Amino acid sequence: MANFYIDTPELKHHLNHPLMKRIVDLKERNYADRENYEYAPVDFEDAMDSYDKVLEIVGEICGDIIAPNAESVDHEGPSVADGRVTYANGTFANLEACRKAGLMGMAMPRRFGGLNFAVVPYIMAADIVSRSDAGFENLWGLQDCAETIYEFANEDQKKRYITRVCQGETMSMDLTEPDAGSDLQSVMLKATYSEKDECWYLNGVKRFITNGDADIHLVLARSEEGTHDGRGLSMFIYDKRNGGVNVRRIENKMGIKGSPTCELVYKNAKAELCGDRKLGLIKYVMALMNGARLGIAAQSVGLSQAAYNEALAYAKDRKQFGKAIIEFPAVAEILSLMKAKLDASRTLLYETARYVDVYKALDDIAKERKLTPEERQEQKTFSKLADSFTPLAKGIGSEFANQNAYDCIQIHGGSGFMKDYACERIYRDSRITSIYEGTTQLQVVAAIRYVTTGAYLAKIREYETEQVAPEFEGLKNRLKELANKYEAIVTKITEEKDQELIDFAARRLVEMSAHLIMSHLMVQDASKNDLFTESAHVYVRFAESEIDKHVTFLSKFDKDDLAYYRK
């Protein structure tokens with residue numbers, strides 16, 4: 001029996017981070033649920049044991065059911081008839097296994113039937129599921145939409161909808177339209193309130209909707225007549241049982257084929273307002289997207305793991321010129337860099353997830369009582385850290401997933417181009433991660449202000465003060481030198497006070513920030529666990545070459561050179 005949690009010891013390392021004590025204490029509210037729920041933990045150790053045991057169940061289901069079904073699901077895919085979607089047979093089996101194991105609504109409070117899990121173990125489950133089948137992660141992972149209902153809906157809506165998600169019903173977030181992709185303020189799906197029926201009706205078309213025939217939908221729609229910007233948009237909950245929405249077609253995609261990506265037609269679809277009018281985009285979708293981006297970061301790490309595992313296994317087994325190809329330096333180098341990128345993107349993912357955990361728990365507590373001044377400061381600090389790290393985790397993690405999938409095929413050679421091996425599917429599945437929930441370019445737009453304000457540099461300098469094992473002091477000193485180069489080039493670009501120049505340099509500046517942050521995290525991990533020793537050395541060397549490359553380019557670049565890049 002395969003277990004995708006147990007066979008990846010790096011996961012337990014990240015699960016047992018020192019900050020988890022604070023996270024669990026905040027999440028469990030002094031373990032008050034133990035009085036009403038027999039499965040609620042009685043203390044920190046009990047909570048961590050619960051996380052560990054549930055993740056073992058996730059790992060077993062992924063290894064024994066979801067991964068073996070992945071190939072058939074990829075070939076069969078979902079179908080649509082009479083406006084309704086039918087999943088592939090393997091997808092039905094996957095969902096049923098997750099429902100029976102109680103893995104739906106994992107992060108939701110126990111009063112709604114959830115497990116009340118922190119973000120870290122939930123994201124870890126997403127990491128594991130994505131390794132087994134990235135397309136299925138898009139269905140299972142959309143349970144995260146329930147978080148938006150929990151944060152912004154009224155109590156009656158929470159009871160009615162979150163309970164259903166925890167029982168296994170599926171969700172979707174219906175944002176994109178044919179003429180509103182990344183520019184969501186252009187959404188025109190119309191929401192009209194009927195005084196007679198005392199409800200809202202939705203009319204229009206949505207496109208590229210993942211799991212578009214879900215049981216429960218979160219829908220961004222234009223509620224304010226005559227508006228054309230984000231201030232006229234509100235968030236709605238649509239229940240499929242009420243009818244009014246049909247699937248016009250399923251997109252024929254390159255990858256993640258088990259996940260139906262739908263074009264939806266809304267025709268007088270009855271819906272409920274979620275939260276307040278006019279805040280659909282500027283508040284609720286922003287919160288929804290941040291959670292989704294963390295989910296794609298987890299999906300990217302899972303795909304990187306799958307790519308590395310396939311490449312490593314093939315390199316050990318494949319013999320050429322009388323020996324296994326892993327013995328050739330060119331192949332060994334590719335594998336070492338794949339593993340370093342995997343470990344670096346994973347450590348950034350869980351650092352980000354911990355930041356999200358702390359501020360979200362404090363946000364939730366603030367609804368029950370007034371936070372102390374110390375708690376308010378903690379909430380503010382971790383919220384800023386989460387906001388700044390999320391675009392790095394999603395942007396760099398997805399790019400690394402694509403690179404690892406590419407290298408996996410390269411190691412397979414001609415065989416990797418054939419559908420006989422899983423790497424071909426992994427390659428196709430990975431490609432979308434740097435596109436949906438905000439392209440890498442949009443992640444750069446979100447991240448660049450943390451470069452120009454010095455927020456990333458401040459965090460890097462903070463990492464420099466943390467103790468590491470003596471054998472890693474040399475790596476840390478090299479990172480200090482890199483940070484000095486980074487600081488100097490940021491100063492050079494920003495002191496020009498030319499926004500076009502900053503926009504052009506943004507990708508390189510953000511990448512340098514990420515390389516430094518991930519390098520420090522890797523050195524910290526290696527100081528505590530020899531699982532990461534090789535990756536720390538390889539990644540710091542990689543970071544040096546990338547940062548030096550960007551510094552060289554930008555130091556010889558000025559605003560006059562921009563003319564050659566305009567089209």
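Just the heavy atoms: all of them, side chains too, but no hydrogens, waters or symmetry mates, feed the values below. Since the model is a prediction, treat every value here as computed from it, not as a measurement.
Between the side chains of Gln167 and Arg99, not a single donor N or O lies within less than 3.5 Å of an accepting N or O. For the residue pair Ser223 and Ser234, a side-chain donor N or O sits within less than 3.5 Å of a side-chain acceptor on the partner. Side-chain contact annotation: Tyr436 with Asn138, donor-acceptor N/O pair under 3.5 Å present. In the model, Asn69 has no side-chain atom that pairs as donor or acceptor with a side-chain atom of Ser72 under 3.5 Å. In this structure, a donor-acceptor pair under 3.5 Å is absent between the side chains of Asp407 and Gln403.
In this structure, Ser304 and Lys341 have side chains that are not in contact, with every pair of non-hydrogen atoms separated by 4.5 Å or more. Side-chain contact between Asp525 and Asn529: absent, with no pair of heavy atoms (C-beta onward) separated by less than 4.5 Å. Here the side chains of Leu264 and Val205 are not in contact, with every heavy-atom distance at 4.5 Å or above. Side-chain contact between Ile250 and Thr261 is absent, with no heavy-atom pair separated by less than 4.5 Å.
Counting all heavy atoms, side chain and backbone alike, Phe389 lies closest to Lys459 at CZ-CG, 3.9 Å. Contact record, Gly230 with Leu281: CA-CD2, 3.8 Å, taken as the closest heavy-atom pair. Taking every heavy atom of both residues into account, Asp429 and Ile256 meet most closely at OD1-N, 2.6 Å. The two atoms that bring Val301 and Leu349 nearest to each other are CG2-CD2, 3.9 Å, heavy atoms only. Closest approach of Asp7 to Phe4, counting heavy atoms only: OD1-O, 3.3 Å. When every heavy atom of Thr210 is checked against every heavy atom of Ser259, the shortest pair comes out as CG2-OG, 3.4 Å.
Proximity of a side-chain donor or acceptor of Asn94 to a complementary backbone N or O of Gly90 within less than 3.5 Å is detected. No donor-acceptor pair under 3.5 Å is formed between the side chain of Thr347 and the backbone N or O of Ala344. In this structure, Thr8 contributes its side chain and Leu11 its backbone to no donor-acceptor pair below 3.5 Å. Remark: side-chain polar atoms of Gln143 are not paired, donor with acceptor, to backbone N or O of Met171 under 3.5 angstrom. Although no hydrogens or angles enter the test, the distance criterion places no donor-acceptor pair under 3.5 Å between the side chain of Asp52 and the main chain of Met48. A donor-acceptor pair is defined here as one N or O able to donate and one able to accept, closer than 3.5 Å; such a pair exists between the side chain of Asp239 and the backbone of Arg241. In this structure, the side chain of His217 does not engage the main chain of Val219 through any donor-acceptor pair within 3.5 Å. Between the side chain of Asn3 and the main chain of Glu56, a donor-acceptor pair closer than 3.5 Å is present. Remark: side-chain polar atoms of Trp140 are not paired, donor with acceptor, to backbone N or O of Ala126 under 3.5 angstrom. Side-chain N or O atoms of Asn402 include one that pairs as donor or acceptor with a backbone N or O of Ser398 at under 3.5 Å.
The aromatic ring centroids of Tyr122 and Phe117 lie 6.0 Å or more from each other. Taking the six-membered ring wherever Trp is involved, the centroid distance between the rings of Phe532 and His13 falls below 6.0 Å.
Using a 4.0 Å cut-off between charged nitrogen and carboxylate oxygen, Glu76 and Lys257 do not count as a salt-bridge pair. Residues Glu28 and Arg110 are paired through a salt bridge, judged by an N-O separation under 4.0 Å between the basic side chain and the carboxylate. Taking a cutoff of 4.0 Å between a charged side-chain nitrogen and a carboxylate oxygen, Arg131 and Asp127 do not qualify as a salt bridge. The pair Asp33-Arg111 fails the salt-bridge criterion, with no side-chain N (NZ, NE, NH1 or NH2) lying under 4.0 Å from an Asp/Glu carboxylate O. A salt bridge is defined here as a Lys NZ or Arg NE, NH1 or NH2 lying under 4.0 Å from an Asp or Glu carboxylate O, and Glu399 with Lys394 fails to meet this definition. The residues Arg207 and Asp174 are annotated as not salt-bridged, no charged nitrogen and carboxylate oxygen being separated by less than 4.0 angstrom. Remark: Glu272 engages Arg160 in a salt bridge, criterion side-chain N to carboxylate O under 4.0 Å. A salt bridge between Lys360 and Asp364 is absent, with no side-chain N of the basic residue lying under 4.0 Å from a carboxylate O of the acidic one. One finds a salt bridge joining Glu251 and Arg249 here, because a Lys/Arg side-chain nitrogen approaches an Asp/Glu carboxylate oxygen to under 4.0 Å. Glu177 has a carboxylate O that lies under 4.0 Å from a charged side-chain N of Lys206, or vice versa, which qualifies the two as a salt bridge.
Other residues, nucleotides and ligands contribute only 12 or fewer heavy atoms inside 6.0 Å of the NZ atom of Lys384. By the 6.0 Å contact criterion, CZ on Arg431 is open, its count of non-hydrogen atoms from other residues, nucleotides or ligands being 12 or less. The number of heavy atoms from other shown groups lying within 6.0 Å of CZ (Arg84) is above 12. No more than 12 heavy atoms of other residues, nucleotides or ligands sit less than 6.0 Å from atom NZ of Lys380. Within 6.0 Å of the NZ atom in Lys240, the count of heavy atoms belonging to other residues, nucleotides or ligands exceeds 12. Residue Asp179 places its CG atom among 12 or fewer non-hydrogen atoms of other residues, nucleotides or ligands, all under 6.0 Å distant.
Taking the six-membered ring where the residue is Trp, Tyr427 and Tyr406 present tilted rings, their angle falling between 30° and 60°. Between Tyr266 and Tyr238, the angle of the ring planes goes over 60°, which puts this pair in the perpendicular group of the 30/60° scheme. In this structure, Phe92 and Tyr87 have perpendicular ring planes: the angle between them is above 60°, well past the 30° mark.
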Kindly list each side-chain donor-acceptor pair under 3.5 angstrom involving residues 283-291, sequence neighbours excluded, with atom names and distances?
unit_1 : atom_1 : unit_2 : atom_2 : d
Tyr284 : OH     : Asp276 : N      : 2.8

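Annotation: cation-pi geometry not satisfied between Lys158 and Tyr161 (NZ/CZ under 6.0 angstrom from ring centroid, within 45° of ring axis). In this structure, Lys367 is positioned above the aromatic face of Tyr150, its NZ or CZ under 6.0 Å from the six-membered ring centre and within 45° of the axis.
For the side-chain contact (heavy atoms from CB on, under 4.5 Å) test with Cys145, the passing option among Thr170, Ile216, Ile237, Leu218 is Leu218; the others fail. When each of Val265, Asp213, Ile209 is checked for a side-chain contact (heavy atoms from CB on, under 4.5 Å) with Val247, only Asp213 meets the rule.
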What do the steps show when you test Asp357 against Lys27 for salt bridge (charged side-chain N to carboxylate O under 4.0 Å, His left out), and what is the final call? CA-CA 8 Å; Asp357 251 325; Lys27 188 73 176 175; 5.7 Å; no
Test side-chain contact (heavy atoms from CB on, under 4.5 Å) applied to Phe152 and Met235, step by step: CA-CA 10 Å; Phe152 303 116; Met235 181 70 76; over 6 Å; no
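Residues forming a side chain to side chain contact (heavy atoms under 4.5 Å, CB included) with Ile460 (at least two apart in sequence, or on another chain): Glu464, Ala483, Tyr486, Leu516, Ile517, His520.
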